[in-house]
Amino acid sequence: MAERLIVVLLGKQGAGKGTQCSALSAQYGIPHVSTGDILRAAVRDGTELGVQVKAVMEAGDLVGDDLVVALVKERFAQPDAARGALLDGFPRTLAQARALDAMLGDERVSLCVNLDVPTSLVVERLSKRRVCQECGAVFRADDPAGVSGTCEKCGGDLIQRSDDQPDAITTRLDAYERDTAPLLDYYRERELLVTVNGDQSVEAVGADVSSALRTRGLL
Ligand code: AMP
């Protein structure tokens with residue numbers, strides 16, 4: 001198989017992983033793979049998987065490694081993944097990072113980009129985040145769209161995610177420190193880690209990510 005670009009975006013919830021992945025995906029034609037989006041769609045559609053994970057997600061806890069790894073394997077089998085993947089929210093534990101390496105076999109992760117943002121800022125971003133129930137587009141409560149409650153892209157209703165409520169935010173940030181932050185060392189040891197300052201405009205962060213990919217000869 002031709003070499004694929006497999007980029008892992010790491011960073012606290014609200015660091016901007018989804019925003020950057022969707023911009024990079026549009027720019028480079030590589031699919032944005034968000035396990036959170038896949039799981040939320042299952043909950044919304046009331047599938048067996050959705051029923052199984054709903055309560056865990058609402059509380060802000062992590063769903064099981066085996067389940068998430070199986071979802072990513074399935075996603076990688078789809079034709080567009082032949083170009084690679086921008087991984088958002090996966091891997092999130094060391095077990096998932098090892099499973100991803102095993103899944104890739106002779107291929108490897110191309111780069112891991114850590115979007116670094118102070119906790120106080122992500123708490124503010126998460127509590128002000130409003131998402132479109134239909135297309136998943138993200139707005140801020142004090143944007144014109146957030147104030148009107150209507151998505152500027154598709155006209156869908158904007159809602160506050162149940163896991164963006166204060167208790168769930170705390171649980172999720174604790175889970176990040178406990179389960180996900182160790183992945184920084186995992187990728188650093190493999191010389192695959194680049195840290196980008198996530199406390200900049202969306203465009204400036206995107207430019208830094210693209211430049212990191214270019215420096216490594218990945219674009
Ligand atoms: P996110 O949109 O990435 O913040 O994910 C929302 C929720 O989905 C998380 O709080 C978890 O409950 C679940 N989730 C998403 N990705 C994973 C993962 N890789 N491992 C475990 N749980 C996940």
Side-chain angles (χ1 to χ4, degrees), residues 6-22 24-25 31-76 85-104 109 112-115 117 119 121-133 135-139 158-184 186-187 198:
I6 309 280
V7 180
V8 170
L9 268 281
L10 279 186
K12 298 182 189 93
Q13 293 81 355
K17 301 185 294 292
T19 303
Q20 289 303 325
C21 283
S22 96
L24 291 165
S25 173
H32 170 194
V33 174
S34 155
T35 42
D37 283 351
I38 296 172
L39 291 165
R40 269 186 295 280
V43 171
R44 196 178 52 233
D45 297 344
T47 65
E48 204 177 310
L49 168 69
V51 172
Q52 199 182 332
V53 299
K54 186 169 191 276
V56 174
M57 287 181 72
E58 278 178 358
D61 289 319
L62 294 184
V63 312
D65 289 331
D66 291 350
L67 194 151
V68 181
V69 168
L71 285 181
V72 173
K73 260 190 197 150
E74 223 174 86
R75 184 64 188 83
F76 271 17
L86 304 168
L87 292 171
D88 162 13
F90 178 91
R92 225 165 168 122
T93 64
L94 278 172
Q96 293 178 19
R98 294 192 188 106
L100 173 62
D101 284 344
M103 214 185 293
L104 293 174
V109 166
C112 172
V113 178
N114 171 33
L115 293 183
V117 174
T119 302
L121 181 61
V122 296
V123 170
E124 193 201 325
R125 283 187 186 172
L126 292 174
S127 40
K128 288 191 174 163
R129 177 158 72 178
R130 298 293 180 270
V131 295
C132 174
Q133 230 172 350
C135 73
V138 178
F139 301 91
L158 301 189
I159 54 157
Q160 181 169 32
R161 279 169 47 170
S162 46
D163 61 355
D164 281 343
Q165 308 288 342
D167 281 356
I169 291 177
T170 307
T171 307
R172 290 161 70 209
L173 290 172
D174 288 348
Y176 173 83
E177 290 303 336
R178 185 185 59 237
D179 299 316
T180 310
L183 296 187
L184 296 173
Y186 183 87
Y187 289 112

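Source: prediction; values computed, not measured. Every number for a ligand or one of its atoms is a count from 1 in the order of the listing. Positions are given from 1 along the sequence.
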Peer 1: Are any of the N or O atoms of Leu62 closer than 3.5 Å to those of ligand 1?
Peer 2: no

Peer 1: Specify the protein heavy atom at minimum distance from atom 1 (P) of ligand 1: its residue, its atom name, and the distance to 0.1 Å.
Peer 2: Arg92 NH2, 3.5 Å

Peer 1: What's the shortest distance from atom 14 (N) of ligand 1 to any protein heavy atom, and which residue and atom give it?
Peer 2: Leu39 CD1, 3.5 Å

Peer 1: After noting the C-alpha distance and the side-chain angles of Val109 and Leu87, does the key distance pass the side-chain contact (heavy atoms from CB on, under 4.5 Å) rule?
Peer 2: CA-CA 10 Å; Val109 166; Leu87 292 171; 6.0 Å; no

Peer 1: Check whether any side-chain N or O of Gln96 sits under 3.5 Å from a backbone N or O of Val69 as a donor-acceptor pair, and report yes or no.
Peer 2: no

Peer 1: Inspect the surroundings of CG in Asp66 and state if more than 12 heavy atoms from other residues, nucleotides or ligands are less than 6.0 Å away.
Peer 2: no

Peer 1: Below 4.0 Å from any atom of ligand 1, is there a heavy atom belonging to Arg40?
Peer 2: yes

Peer 1: Identify, by atom number and element, the atoms of ligand 1 in contact range of Thr35, meaning under 4.0 Å from any of its heavy atoms.
Peer 2: 15 (C), 16 (N), 17 (C), 19 (N)

Peer 1: Heavy-atom pairs closer than 4.0 Å: do any link ligand 1 to the side chain of Lys54, the backbone, both, or neither?
Peer 2: neither

Peer 1: Could an N or O of ligand 1 be found under 3.5 Å from any N or O of Asp88, whether backbone or side chain?
Peer 2: no

Peer 1: Identify whether the distance between the nearest side-chain nitrogen and carboxylate oxygen of Arg125 and Asp164 falls below 4.0 Å.
Peer 2: no

Peer 1: Pull out every atom of ligand 1 sitting under 4.0 Å from any heavy atom of Arg161, numbered as shown with elements.
Peer 2: 1 (P), 2 (O), 4 (O), 6 (C)

Peer 1: Between Val33 and Phe90, does a side-chain contact (heavy atoms from CB on, under 4.5 Å) hold up when you go through it step by step?
Peer 2: CA-CA 8 Å; Val33 174; Phe90 178 91; over 6 Å; no

Peer 1: Going by the order shown, which atoms of ligand 1 are within less than 4.0 Å of some heavy atom of Arg172?
Peer 2: 4 (O)

Peer 1: Check whether any side-chain N or O of Thr35 sits under 3.5 Å from a backbone N or O of Gly89 as a donor-acceptor pair, and report yes or no.
Peer 2: yes

Peer 1: Looking only at distances, please establish whether an N/O atom of ligand 1 is found under 3.5 Å from an N/O atom of Val63.
Peer 2: yes

Peer 1: CD of Glu74: more than 12 outside heavy atoms within 6.0 angstrom?
Peer 2: no

Peer 1: Show which atoms of ligand 1 fall inside a sub-4.0 Å distance from at least one heavy-atom site of Gly36.
Peer 2: 2 (O), 5 (O), 15 (C), 16 (N)

Peer 1: Consider every N or O of Gln96 and every N or O of ligand 1, then say whether any pair is closer than 3.5 Å.
Peer 2: yes

Peer 1: Is Arg40 paired with Asp37 through a side-chain N to carboxylate O contact shorter than 4.0 Å?
Peer 2: yes

Peer 1: Within a reach of under 6.0 Å around CG of Asp167, are more than 12 heavy atoms found that belong to other residues, nucleotides or ligands?
Peer 2: no

Peer 1: Go through ligand 1 atom by atom and flag the ones less than 4.0 Å from a non-hydrogen atom of Gly89.
Peer 2: 16 (N), 17 (C), 18 (C), 19 (N)

Peer 1: Any nitrogen or oxygen of Asp61 lying under 3.5 Å from a nitrogen or oxygen in ligand 1? Just yes or no.
Peer 2: yes

Peer 1: Return the residue, atom name and 0.1 Å-rounded distance of the protein heavy atom closest to atom 7 (C) of ligand 1.
Peer 2: Met57 CE, 3.8 Å

Peer 1: Please report the C-alpha distance between Leu39 and Leu71 in whole Å, then the side-chain angles of each, then the deciding distance to 0.1 Å, and finally whether the side-chain contact (heavy atoms from CB on, under 4.5 Å) criterion is met.
Peer 2: CA-CA 9 Å; Leu39 291 165; Leu71 285 181; 3.6 Å; yes

